[in-house]
Amino acid sequence: MNRNAFLKFGLAAGSFFTAPFSLIAQAIHRKRGNKAIRVEAGKDRNDKPISLFQGDTFFTKVSTKDTDGDLFIFESVRDKKGGPPFHYHYEQDEWWYVLEGEFLFKVGDETFTAKRGDSVFGPRMVPHAFAKINEGPARLLMAFQPAGKMENQFKEVSTGIYAKMTDAEIDNYRKASGFEVVGPALT
């Protein structure tokens, strides 16, 4: 086979194999709609902030439903020191941007502080935790990509369902939501 014929065949075969993926991408794009979403400062996308763990409030900015499950973004307003236990997500990357306050982060084996304007990325399957360490208010902008079940999990936990579960049931619930706790919270 000469070079030109080989290249023409390769291009034709490539189109044949990639065409179905192009159609899928177009279908996904159509499901999202084409309108901007504006959420004002201090407001929640669904007009119903999520309250967690005695003093933490999550204001959804981009809902899982807005992106067909590709992304979930929320602002976390934290009054008390501390944060979640050391954990990892099976399929979600997590990103944090400090809007106010100071936080201690541990991602894998690295531990460091982050303050206003700093961002931290936690890859999926890598254990991570963070803790608010300053006095006074603190705020984080947080994102999960893809969204997975985290938005729904936060909503359910805010109803107090953990109080009705055993430790084993909580572990199973977390796993069903796409993450596992592997260590204590940072202090």
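Quick note: residue numbers are just sequence positions, from 1.
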Shared hydrophobic cluster for [X] and [Y] (ILVMFWY, side-chain gaps under 4.5 Å):
X    : Y    : result
Y162 : M150 : yes
F59  : V98  : no
I161 : F58  : yes
F86  : F130 : no
F74  : V157 : yes

Would you say the side chain of [Y] lies within less than 4.5 Å of the side chain of [X], judging by non-hydrogen atoms?
X    : Y    : result
K80  : K132 : no
W96  : H128 : yes
D56  : V77  : no
P123 : V107 : yes
T64  : N152 : no

Original post:
Above 12 or not: heavy atoms from other molecules or residues under 6.0 Å from CD of E91?
Top reply: no

**OP:** Inspect the surroundings of NZ in K149 and state if more than 12 heavy atoms from other residues, nucleotides or ligands are less than 6.0 Å away.
**Re:** no

Minimum-distance pair of heavy atoms, taken over all atoms of [X] and [Y]:
X    : Y    : result
E75  : K61  : OE1-CE, 3.6 Å
F103 : R139 : CE1-O, 4.2 Å
K81  : N134 : CE-O, 3.7 Å
T113 : D118 : O-OD2, 4.5 Å
Q145 : L71  : CB-CD1, 4.0 Å
L186 : A129 : CD1-O, 3.6 Å

Gap between atom [atom2] of [Y] and atom [atom1] of [X] - 0.5 Å precision:
X   : Y    : atom1 : atom2 : answer
Y88 : F179 : OH    : CZ    : 11.5 Å
E94 : H87  : CD    : NE2   : 5.0 Å
I73 : M142 : CD1   : CE    : 12.0 Å

Original post:
With no hydrogens and no angle check, do the side chains of Y173 and Q153 hold a donor and an acceptor under 3.5 Å apart?
Top reply: no

Any donor-acceptor N/O pair, [X] side chain to [Y] backbone, under 3.5 Å:
X    : Y    : value
D93  : R124 : yes
K35  : I37  : no
K155 : I50  : no

**OP:** Mind running side chain to side chain contact (heavy atoms under 4.5 Å, CB included) on E180 and K175 for me, showing each step along the way?
**Re:** CA-CA 6 Å; E180 287 186 47; K175 289 175 186 177; 3.6 Å; yes

**OP:** Anything under 30° is parallel, anything over 60° is perpendicular, the rest tilted; go ahead and classify F154 against F72.
**Re:** tilted

